[in-house]
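First up is the structure itself, then whatever we jot down about it.
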Amino acid sequence: MKKKRLMAPGPTPVPPKALLNMAAPIIHHRGPEFKGIIGELREGLKYLFQTTNDVLIFSSTGTGAMDGAVANTLSRGDRALVVNGGKFGERWMDICEAYGVEVEIVDVPWGEAVDPDVIRKVLDTDNSIKVVLTQACETSTGVVHPIKEVAKIVRDRDDTLIIVDAISALGALDIRTDEWGLDVVVAGSQKALMLPPGLAFASVSNKAWGFVERSNLSKYYFNFDKERKSISKNQTAYTSAVSLLVGLRESLKEIKEEGLDNIFARHDKMAEATRAAVTALGLQLYAPKSPSSAVTAILAPEGIDGSDVVKVMREKHGITIAGGQAQAKGKIFRIAHLGHVDQFDIITAIFALEMTLDELGYTIDMGKGIRAAVKVFQG
Ligand SMILES: *Cc1c(COP(=O)(O)O)cnc(C)c1O
């Protein structure tokens, strides 16, 4: 027998109770029972996003809300600053290109975080930039960007918004939407929200609503204004993803029960343990200076292809982790500790990694990684 375990940065494992609830018979999305559920979700999402504003809900993957964030806040001729430090930074560029929005790119070497001062300099010299587009956690490199510091630069500029792709961060890392002045925060269901793929979310600040009112880019399904009116009546504009939202009710309940601070501390601990383990095994981190607590990116050792690590982990040990993308392909592998994951999952993954490395011919002191992880968890 071989158990299958998901330890990739999305999709992530779904808690059993959420799975059971999602198997219940479908209820009608315009009936009173479902409106009651959306009413509950509105409160739970505000807690999760650390905002007093309503969070919009879309039936799509996270990218849908990224698309919507650009299409709803910008107008023809507006320019955008894109923080490009990985695959998802590139996605912001691609979305802008699709809408004819010209971009100023702040290139960040893969594995590093953006320097807020660079953003300040660009904004100081170019007032045609209406929005800063960034990731909170650049999942492809395992980096966490200094969002609070970047937001500080943007928040006092009336003509510029900060839009954060927090798809792999929200619910794992402390993202203080209102306190930091984040104008649009985008999330997806299949990461720290512990649900199947298929839901996207966007919080929108009062400042951003002003941009939405003026925005003249084309949009249809991802229409923020329309969804704002619907959610105020405990509905979504089109047929709600009923089952997923019933699952969301359960996962938000579990998030509230554990408490955001405990959740962030758990993720920090799991990340620290993972880093300690792989370092003890003689491996190097891909993002040593600004590692994310959602996912750890690890350089494959000399002579071993990172894709083979992923393959052996999955095929021999039933554990799905992620490889590297684009320029990091074959060079790294990524272990996620995101969502419904605890210390025992980490120990299991480290044990499997030790066996995998051994099987691939990398000499290790078997158990050394596990001991390092245990020490972190017990400390
Ligand atoms: C997973 C992820 C996405 C992509 O989301 P989809 O749900 O696949 O559309 C975007 N940005 C980041 C940072 C992610 O981790």
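Indexing begins at 1, ligand by ligand and atom by atom, following the structure's order.
For the pair R79 and D126, the salt-bridge criterion is met [side-chain N within less than 4.0 Å of a carboxylate O]. Salt-bridge check for R275 with E272: failed, with every basic side-chain N at 4.0 Å or more from each acidic carboxylate O. A salt bridge links D365 with R371: the distance from a Lys NZ or Arg NE/NH1/NH2 to an Asp or Glu carboxylate oxygen falls below 4.0 Å. Ion pairing of R266 with E258 is present here, as a side-chain N (NZ or NE/NH1/NH2) and a carboxylate O approach within less than 4.0 Å. Using a cut-off of 4.0 Å between Lys/Arg side-chain N and Asp/Glu carboxylate O, D174 and R176 are scored as salt-bridged. With respect to the salt-bridge test (charged N to carboxylate O, under 4.0 angstrom), the residues K121 and D117 do not qualify. Salt bridge status for K87 with E90: present, with a side-chain N to carboxylate O gap under 4.0 Å.
Contacts between T61 and ligand 1, counted as non-hydrogen atom pairs separated by less than 4.0 Å, involve both the backbone and the side chain.
Using a 4.0 Å cut-off to heavy atoms of R91, the atoms of ligand 1 that qualify are 4 (C), 9 (O). For ligand 1 and Q190, the ligand atoms under 4.0 Å from any heavy atom of the residue are 6 (P), 7 (O), 8 (O). Close contacts of ligand 1 with G62, meaning ligand atoms under 4.0 Å from a residue heavy atom, involve 6 (P), 7 (O), 9 (O). Those atoms of ligand 1 with a heavy atom of D165 less than 4.0 angstrom away are 10 (C), 11 (N), 12 (C), 13 (C). Shown in contact with I167 at under 4.0 Å from a heavy atom are these atoms of ligand 1, numbered in order with element: 1 (C), 2 (C), 3 (C), 5 (O), 10 (C), 11 (N), 12 (C), 14 (C). Distances below 4.0 Å separate heavy atoms of K191 from the following atoms of ligand 1: 1 (C), 2 (C), 3 (C), 14 (C), 15 (O). Heavy-atom proximity to C137, at under 4.0 Å, picks out these atoms of ligand 1: 13 (C).
Ligand 1 lies out of reach of A200, whose nearest heavy atom is not under 4.0 Å from it. Not a single heavy atom of E138 sits less than 4.0 Å from an atom of ligand 1.
Counting only heavy atoms of the protein, atom 9 (O) of ligand 1 lies nearest to T63 OG1, 2.4 Å. In this structure, atom 3 (C) of ligand 1 lies nearest to the protein heavy atom F88 CE2, 3.3 Å. Residue, atom and distance of the protein heavy atom nearest to atom 15 (O) of ligand 1 are T139 OG1, 2.4 Å.
The cationic group of K219 does not satisfy the cation-pi geometry with F58, failing either the under 6.0 Å distance to the six-membered ring centre or the 45° limit from the ring axis.
With a 6.0 Å radius and a threshold of 12 heavy atoms from other residues, nucleotides or ligands, E97 has its CD atom at or below the threshold.
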